[in-house]
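Everything numeric in this text was worked out from a predicted model, so none of it was measured. These numbers come from the heavy atoms of this one structure, side chains and all, not from hydrogens, waters or symmetry mates.
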Amino acid sequence: MSFIIFDTEYTTWKGCQENGWRDSQKREIVQIAALKVSDQLDVVSEFNALCKPIINPVLSDYFIGLTHITNEQVQKQGLPFSSVYKKFEAFVGNDVCFSHAWGADETHESDGVIVKENLALNGLTEAKKIIYKNIAPIFSELYKQNGINIQNQSSGQIVKLLGIENTMKRLNLDTHNAFYDTYSILEGLKYFAPKSIELIKQRKEKCNGL
């Protein structure tokens with residue numbers, strides 16, 4: 001048995017979140033990264049792909065500064081979202097997909113919302129229904145149980161907040177890179193094991209109606 005940890009990076013501009021993504025500003029996915037993880041938190045396989053945005057094909061300086069993903073990288077390595085999504089869909093299989101949205105409950109689809117927005121932007125439909133769930137409430141529960149007072153936290157900050165950043169050095173990446181952020185989530189789950197394993201199992205059983 002396994003589950004998916006995934007994260008996305010999407011086109012953004014300084015102030016757009018506060019301004020409500022005005023006019024032609026759309027949340028087009030530039031990177032999708034995912035890990036297929038066993039129930040014992042071992043990585044089974046990895047997924048990491050760049051997408052070429054079509055509405056705003058030139059990345060903003062703000063996005064580049066945040067993610068360190070460049071226009072050159074996207075042009076050389078990126079594929080159309082439709083191609084990347086098809087590969088992602090195959091990678092996921094029948095597993096539940098967990099991503100991180102702090103401040104939202106477990107029913108929130110987190111980055112699944114972004115994926116669905118991009119399906120609509122590209123005129124695509126899902127070949128099958130992927131179950132998207134928010135993993136942040138699991139971390140919130142674990143922090144509370146361990147007396148850790150966290151007011152706000154992005155997925156990439158988990159390892160820093162727990163003082164385990166050294167587990168990430170091999171990636172040679174930083175927060176706001178989707179691949180880094182998926183591993184940050186995983187290392188956080190490992191830090192709190194076996195309780196985190198139990199909580200993931202409970203959430204998966206809910207999804208499967210067990």
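Separating the NZ atom in Lys36 from the OG atom in Ser2 is a distance of 4.5 Å, to the nearest 0.5 Å. Summarising the geometry, atom CZ belonging to Phe3 is positioned 9.0 Å from atom CG belonging to Leu35; distances are rounded to the nearest 0.5 Å. Taking OG1 of Thr12 as the reference point, atom CD of Glu28 lies at 12.0 Å (rounded to 0.5 Å). Here Asn177 contributes atom CG and Asp7 contributes atom CG; the two are 8.5 Å apart, rounded to the nearest 0.5 Å. To the nearest 0.5 Å, atoms CZ (Phe91) and SG (Cys97) are separated by 9.0 Å. Interatomic distance, Lys26 NZ to Ser24 OG, rounded to the nearest 0.5 Å: 8.0 Å.
The shortest heavy-atom contact between Ser155 and Ser184 is O-OG, 2.7 Å. When all heavy atoms of Ala104 and Asn134 are compared, the pair lying nearest together is O-ND2, 3.0 Å. Considering all non-hydrogen atoms of both residues, Gln153 and Leu161 come closest at CG-CD1, 3.4 Å. For the residue pair Ala178 and Ala33, the shortest heavy atom distance occurs at C-CB, 3.5 Å.
For Arg203, the salt bridge (Lys or Arg N to Asp or Glu O under 4.0 Å) partners at least two apart in sequence or on another chain are Glu106, Glu141. Taking Ser110 as the reference, Ser99 meet the side-chain hydrogen bond (donor to acceptor under 3.5 Å, both in side chains) condition, with sequence neighbours excluded.
Follow the hydrophobic side-chain contacts under 4.5 Å out from Ile131 and you reach Ile185 in the same cluster. Tracing side-chain contacts under 4.5 Å through hydrophobic residues (I, L, V, M, F, W, Y), one reaches Leu186 starting from Ile164; they form part of the same cluster. Criterion: ILVMFWY side-chain heavy atoms under 4.5 Å apart, direct or through other members. Under it, Val113 and Phe88 are not part of a common hydrophobic cluster. Tracing side-chain contacts under 4.5 Å through hydrophobic residues (I, L, V, M, F, W, Y), one reaches Leu124 starting from Ile130; they form part of the same cluster. There is no path of hydrophobic side-chain contacts, each under 4.5 Å, that joins Val115 to Val96.
Counting only heavy atoms from C-beta outward, the side chains of Lys133 and Cys207 approach each other to under 4.5 Å. In this structure the side chain of Asn122 never reaches within 4.5 angstrom of the side chain of Ser82, judged on heavy atoms. Here the side chains of Glu9 and Asp181 are in contact, with some heavy-atom distance below 4.5 Å. Between Leu189 and Ile5 there is a side-chain heavy-atom pair separated by less than 4.5 Å. When side chains are defined from C-beta on, Ile32 counts as touching Phe81, because their heavy atoms get closer than 4.5 Å. When side chains are defined from C-beta on, Val159 does not count as touching Asn166, because their heavy atoms never get closer than 4.5 Å. Proximity of Ile114 to Ile29: side-chain heavy atoms (C-beta onward) are separated by under 4.5 Å at one or more points. In this structure, Asn152 and Trp102 have side chains that are in contact, with non-hydrogen atoms separated by less than 4.5 Å.
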Given side-chain contact (heavy atoms from CB on, under 4.5 Å), test Thr8 with Arg27 step by step and report yes or no.
CA-CA 10 Å; Thr8 64; Arg27 300 192 292 186; over 6 Å; no
Determine, stepwise, if the pair Glu117 / Tyr10 fulfils side-chain contact (heavy atoms from CB on, under 4.5 Å).
CA-CA 11 Å; Glu117 280 183 19; Tyr10 46 84; over 6 Å; no
Would Ser154 and His100 count as a side-chain contact (heavy atoms from CB on, under 4.5 Å) if you check the C-alpha gap in whole Å, the side-chain angles of each, and the deciding distance to 0.1 Å?
CA-CA 7 Å; Ser154 70; His100 188 282; 5.7 Å; no
Worked check of side chain to side chain donor-acceptor pair (under 3.5 Å) between Gln151 and Asn149:
CA-CA 7 Å; Gln151 300 300 320; Asn149 184 22; 2.8 Å; yes
Apply side-chain contact (heavy atoms from CB on, under 4.5 Å) to the pair Ile148 and Leu142, showing each step before the final yes or no.
CA-CA 8 Å; Ile148 301 172; Leu142 291 167; over 6 Å; no
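Residue pairs meeting the side chain to side chain donor-acceptor pair (under 3.5 Å) criterion with at least one partner in residues 52-63, sequence neighbours excluded, do not occur; the list is empty. Counting only residues at least two apart or on different chains, the side chain to side chain donor-acceptor pair (under 3.5 Å) pairs with a member in residues 187-202 are Lys195-Glu198, Glu198-Gln202.
Ring pair Phe192/Phe139 is perpendicular by interplanar angle, where above 60° counts as perpendicular and below 30° as parallel.
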Under 3.5 Å, sequence neighbours excluded: what are the donor-acceptor pairs made by side chains of residues 37-49?
{"from": "Ser38", "atom 1": "OG", "to": "Gln40", "atom 2": "N", "distance (Å)": "3.2"}
{"from": "Ser38", "atom 1": "OG", "to": "Leu41", "atom 2": "N", "distance (Å)": "3.4"}
{"from": "Ser38", "atom 1": "OG", "to": "Asp42", "atom 2": "N", "distance (Å)": "3.1"}
{"from": "Asp39", "atom 1": "OD1", "to": "Lys204", "atom 2": "NZ", "distance (Å)": "2.7"}
{"from": "Glu46", "atom 1": "OE2", "to": "Tyr183", "atom 2": "OH", "distance (Å)": "2.4"}
{"from": "Asn48", "atom 1": "OD1", "to": "Gln31", "atom 2": "NE2", "distance (Å)": "3.0"}

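In this structure, Asp95 contributes its side chain and Ile4 its backbone to no donor-acceptor pair below 3.5 Å. Using modelled atom types, one side-chain atom of Asp105 and one backbone atom of His108 make a donor-acceptor pair closer than 3.5 Å. Looking at Thr182, its side chain never comes within 3.5 Å of a backbone N or O of Ala34 through a donor-acceptor pair.
Residue Val30 shares its hydrophobic cluster (ILVMFWY side chains chained together at separations under 4.5 Å) with Leu50, Leu59, Phe63, Ile64, Ile69, Val74.
Ring to ring, Phe6 and Tyr132 are close: their centroids are under 6.0 angstrom apart.
Taking the charged nitrogens against the carboxylate oxygens, Lys128 and Glu89 have no contact shorter than 4.0 Å, which rules out a salt bridge.
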